[in-house]
Visitor: 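First, the structure itself, so that you have it in front of you.
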Amino acid sequence: MLGPVILAASRSDKMRRFVSAAPGTKQVVDRFIAGETVDQVIPIVKDAAAKGLEVTLDVVGEDITTVEQSHAARDAYLQLIGRLEELGLGTRAEMSVKLSMFGQALEGGHELALANVRPVVEAAAAIGTTVTLDAEDHTTLDSMFAIHEELRKDFPQTGCVIQAYLFRTEDDARRLAAAGSRVRIVKGAYKEPASVAYQDKAEIDKAFVRIIKILMAGEGYPMIGSHDPRLIAITQELARQAGRKLDEYEFQMLYGIRSEEHVRLAAEGHRMRVYTAYGTDWYGYFMRRLAEKPANLLFFARSILTKG
């Protein structure tokens, strides 16, 4: 049950200082974070394209406290899109954004986040790509879905994320699948109460499969965010049963995790997209990666012990 403890630590300033100072941190962070700057991440996009992979790029940073920070987040994505356009990489990379980074939690945050994300979506569309709105904790989702619906009026390719561990997600999946949108399904990586979310891994996996069935039977484009070999095999079978071609859905996995599987799926003809995070404000993202899988935490602990 270490996952909830680590997720709680992800919002602790004291733990942030401890983890940042730990001698083994950089080695592990480098496994999950592609770099700190646009120039550092661009070679990774090029390498992925050469391997037949696509990417979705996340400029990390969530817990902003000022309007100025939300504008800086917007501008960081616009800079990224500009670099992709210069290099002709627009069709190989999309963007993933967290609306909290765009000011969603501030006063008037819904309108502020929409105003900040719209130019990013517009710029992405202009270079032939798109944006997916990441899901955060359950209290933010009604706002996220409303912004998603508003953006899709002008940019119907705008995607969103749903989380299998939430009780509400099957209903959300039915609504979104019928709308023909792009939907990424993940298990979920936030600490949620038992009143709104499954707590047992087996129950979450069952919900994940039920939601894949809904998405595959719908009119939308499913994006399956999982590293679990069993769920990947189930997805392939459900796609076959639904009569979907290989380009009518895709798999997504995190940068630095099961990289050989990325290449294998792409070689089989699947669309395979690598979720690639970069930036200086890496702590919250990094802690959720540790919480998701015990092996990640053990890797981190070994790094601290061997470097200490």
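Just so you know, these numbers use all the heavy atoms, side chains as well, and skip hydrogens, waters and symmetry mates. Not measured: the values here are computed from a predicted model.
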Visitor: Around Glu107, counting heavy atoms of other residues, nucleotides and ligands shown, do more than 12 lie under 6.0 Å from its CD?
Guide: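 Counting other residues, nucleotides and ligands, CD of Glu107 stays at 12 neighbours or fewer.
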
Visitor: Does the distance from a Lys or Arg side-chain N to an Asp or Glu carboxylate O, for Asp137 and Lys191, drop under 4.0 Å?
Guide: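 No, this pair does not count.
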
Visitor: Looking only at side chains, do His138 and Gln163 share a donor and an acceptor under 3.5 Å apart?
Guide: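 Distance-only check fails for His138 and Gln163.
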
Visitor: Any donor-acceptor pair under 3.5 Å linking the side chain of Glu136 with the backbone of Leu99?
Guide: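 Flag set: sc Glu136 to bb Leu99 pair under 3.5 Å.
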
Visitor: SG of Cys160 to CE of Met144: how many Å apart, nearest 0.5 Å?
Guide: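 Taking SG in Cys160 and CE in Met144, the distance rounds to 5.0 Å.
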
Visitor: Tell me yes or no: between the side chains of Glu36 and Gln40, is some donor less than 3.5 Å from an acceptor?
Guide: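 Note: Glu36 and Gln40 side chains miss the donor-acceptor criterion.
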
Visitor: When clusters are formed by joining ILVMFWY residues with side-chain heavy atoms under 4.5 Å apart, either directly or through shared neighbours, do Ile147 and Val161 land in the same one?
Guide: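 Unlinked, Ile147 and Val161 end up in two clusters.
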
Visitor: From Ile257 CD1 over to His262 NE2, what is the distance, rounded to the nearest 0.5 angstrom?
Guide: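 Output value for this atom pair is 7.5 Å.
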
Visitor: Indicate, with yes or no, if Met95 and Met223 share a hydrophobic cluster defined by side-chain heavy-atom contacts under 4.5 Å among Ile, Leu, Val, Met, Phe, Trp and Tyr.
Guide: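 No: no chain of side-chain contacts under 4.5 Å links Met223 to Met95.
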
Visitor: Can you tell me if Thr276 uses its side chain to pair, donor with acceptor, with the backbone of Val274 under 3.5 Å?
Guide: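 Between the backbone of Val274 and the side chain of Thr276 there is a qualifying donor-acceptor contact (under 3.5 Å).
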
Visitor: Does Arg264 come within less than 4.0 Å of Glu260, counting only side-chain N to carboxylate O?
Guide: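 No, no charged N to carboxylate O under 4.0 Å.
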
Visitor: Between Glu149 (side chain) and Phe145 (backbone), is there a donor-acceptor pair under 3.5 Å?
Guide: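 No; zero donor-acceptor contacts below 3.5 Å.
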
Visitor: Between Asp47 and Lys51, does any NZ, NE, NH1 or NH2 come within less than 4.0 Å of an OD or OE carboxylate oxygen?
Guide: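 Result for this pair is yes, salt bridge flagged.
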
Visitor: Inspect the contact between Glu248 and Lys245 and indicate whether a charged nitrogen and a carboxylate oxygen are less than 4.0 angstrom apart.
Guide: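 Here Lys245 does not pair with Glu248 in a salt bridge, since their nearest N and O are not under 4.0 Å apart.
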
Visitor: Between Leu215 and Ala177, what is the shortest heavy-atom contact and its length?
Guide: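 That closest heavy-atom pairing would be CD2-CB, 4.2 Å.
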
Visitor: Is the shortest distance from a Lys or Arg side-chain nitrogen in Arg168 or Asp142 to a carboxylate oxygen in the other one below 4.0 Å?
Guide: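 Salt bridge: yes.
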
Visitor: Quick one: which residue pairs count as a ring pair (Phe, Tyr, Trp, His ring centres under 6.0 Å) with a foot in residues 75-125, not counting sequence neighbours?
Guide: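 For residues 75-125, and leaving out neighbouring residues, the ring pair (Phe, Tyr, Trp, His ring centres under 6.0 Å) pairs sorted by first residue read Tyr77-Phe102.
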
Visitor: I need the Ile81 CD1 to Glu122 CD distance, nearest 0.5 Å.
Guide: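 If I round to the nearest 0.5 Å, the distance is 10.5 Å.
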
Visitor: Could you measure the distance from the CE atom of Met216 to the CD1 atom of Ile211? Nearest 0.5 Å is fine.
Guide: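 So the CE of Met216 and the CD1 of Ile211 are separated by 13.0 Å.
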
Visitor: In the structure I gave you, are the side-chain heavy atoms of Ile224 and Leu231 within less than 4.5 Å of one another anywhere?
Guide: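 A side-chain contact under 4.5 Å is absent here.
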
Visitor: When you compare the side chains of Gln252 and Thr56, does any donor N or O come within less than 3.5 Å of an acceptor on the partner?
Guide: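 On atom types as modelled, these side chains do not qualify, holding no pair under 3.5 Å.
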
Visitor: Minimum heavy-atom separation for Ser100 and Ile64, please, with both atom names.
Guide: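 Nearest pair, atom of Ser100 first, then Ile64: O-CG1, 3.4 Å.
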
Visitor: Is it the case that the side chains of Asp58 and Tyr278 hold a donor-acceptor pair, with the cut-off being a distance below 3.5 Å and no angle test?
Guide: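 Asp58 and Tyr278 do not have a side-chain donor-acceptor pair below 3.5 Å.
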
Visitor: Under a 4.0 Å N-O cut-off, is there an ion pair linking Glu250 with Arg273?
Guide: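 Salt bridge: yes.
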
Visitor: Quick one: does Glu203's side chain have a donor or acceptor within less than 3.5 Å of a partner on Asp200's backbone?
Guide: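 Pair absent, no side-chain N/O of Glu203 close to backbone of Asp200.
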
Visitor: May I ask you to decide whether Arg182 forms a salt bridge with Glu94, counting only side-chain N to carboxylate O separations under 4.0 Å?
Guide: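 Glu94 and Arg182: salt-bridged.
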
Visitor: I'd like to know if the side chain of Tyr165 and the backbone of Tyr190 have a donor-acceptor N/O pair within less than 3.5 Å.
Guide: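 Yes, the answer is positive, given that a donor and an acceptor are paired below the 3.5 Å cut-off.
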
Visitor: I'd like to know whether Arg74 forms a side chain to side chain contact (heavy atoms under 4.5 Å, CB included) with Val120, so could you lay out the CA-CA distance, the side-chain angles of the two residues, the decisive distance to 0.1 Å, and finally the verdict.
Guide: CA-CA 7 Å; Arg74 173 201 63 200; Val120 175; 4.1 Å; yes

Visitor: Looking only at heavy atoms, which two atoms of Tyr198 and Ala207 are closest? And how far apart?
Guide: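 Minimum heavy-atom contact is CE1-CB, 3.8 Å.
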
Visitor: For a quick test of reading the model, state the closest non-hydrogen atom pair linking Arg184 to Gly225 and the distance between them.
Guide: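 Nearest pair, atom of Arg184 first, then Gly225: CG-N, 4.5 Å.
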
Visitor: What are the two closest non-hydrogen atoms of Gln157 and Thr129, and how far apart are they?
Guide: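 Minimum heavy-atom contact is NE2-O, 4.2 Å.
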
Visitor: Would you please say whether a donor-acceptor pair under 3.5 Å links the side chains of Thr132 and Ser96?
Guide: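 No pair is found: no donor N or O on one side chain lies under 3.5 Å from an acceptor on the other.
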
Visitor: Side chains of Arg244 and Leu238: does their closest heavy-atom pair fall under 4.5 Å?
Guide: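 A side-chain contact is absent here, since even the closest heavy-atom pair is not under 4.5 Å.
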
Visitor: Return the minimal non-hydrogen interatomic distance between Ser181 and Leu176, and the atom names on each side.
Guide: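 Here Ser181 and Leu176 meet closest at OG-O, 3.3 Å.
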
Visitor: Between Tyr275 and Asp134, does any side-chain donor sit less than 3.5 Å from a side-chain acceptor?
Guide: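 Looking only at side-chain atoms, Asp134 and Tyr275 do form a donor-acceptor pair, the distance falling under 3.5 Å.
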
Visitor: Grouping I, L, V, M, F, W and Y whenever their side-chain heavy atoms are under 4.5 Å apart, do Met101 and Val186 come out in a common cluster?
Guide: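 In one cluster: no.
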
Visitor: Rounded at 0.5 Å granularity, tell me how far CG in Asp172 sits from CZ in Arg175.
Guide: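 Asp172 atom CG to Arg175 atom CZ measures 5.0 Å (nearest 0.5 Å).
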
Visitor: What is the distance from atom OG1 of Thr169 to atom CD1 of Ile214, rounded to the nearest 0.5 Å?
Guide: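 Those atoms lie 9.5 Å apart.
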
Visitor: Would the distance check show the side chain of Arg92 and the main-chain N or O of Leu53 forming a donor-acceptor pair, the cut-off being under 3.5 Å?
Guide: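 Yes; at least one donor-acceptor contact below 3.5 Å.
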
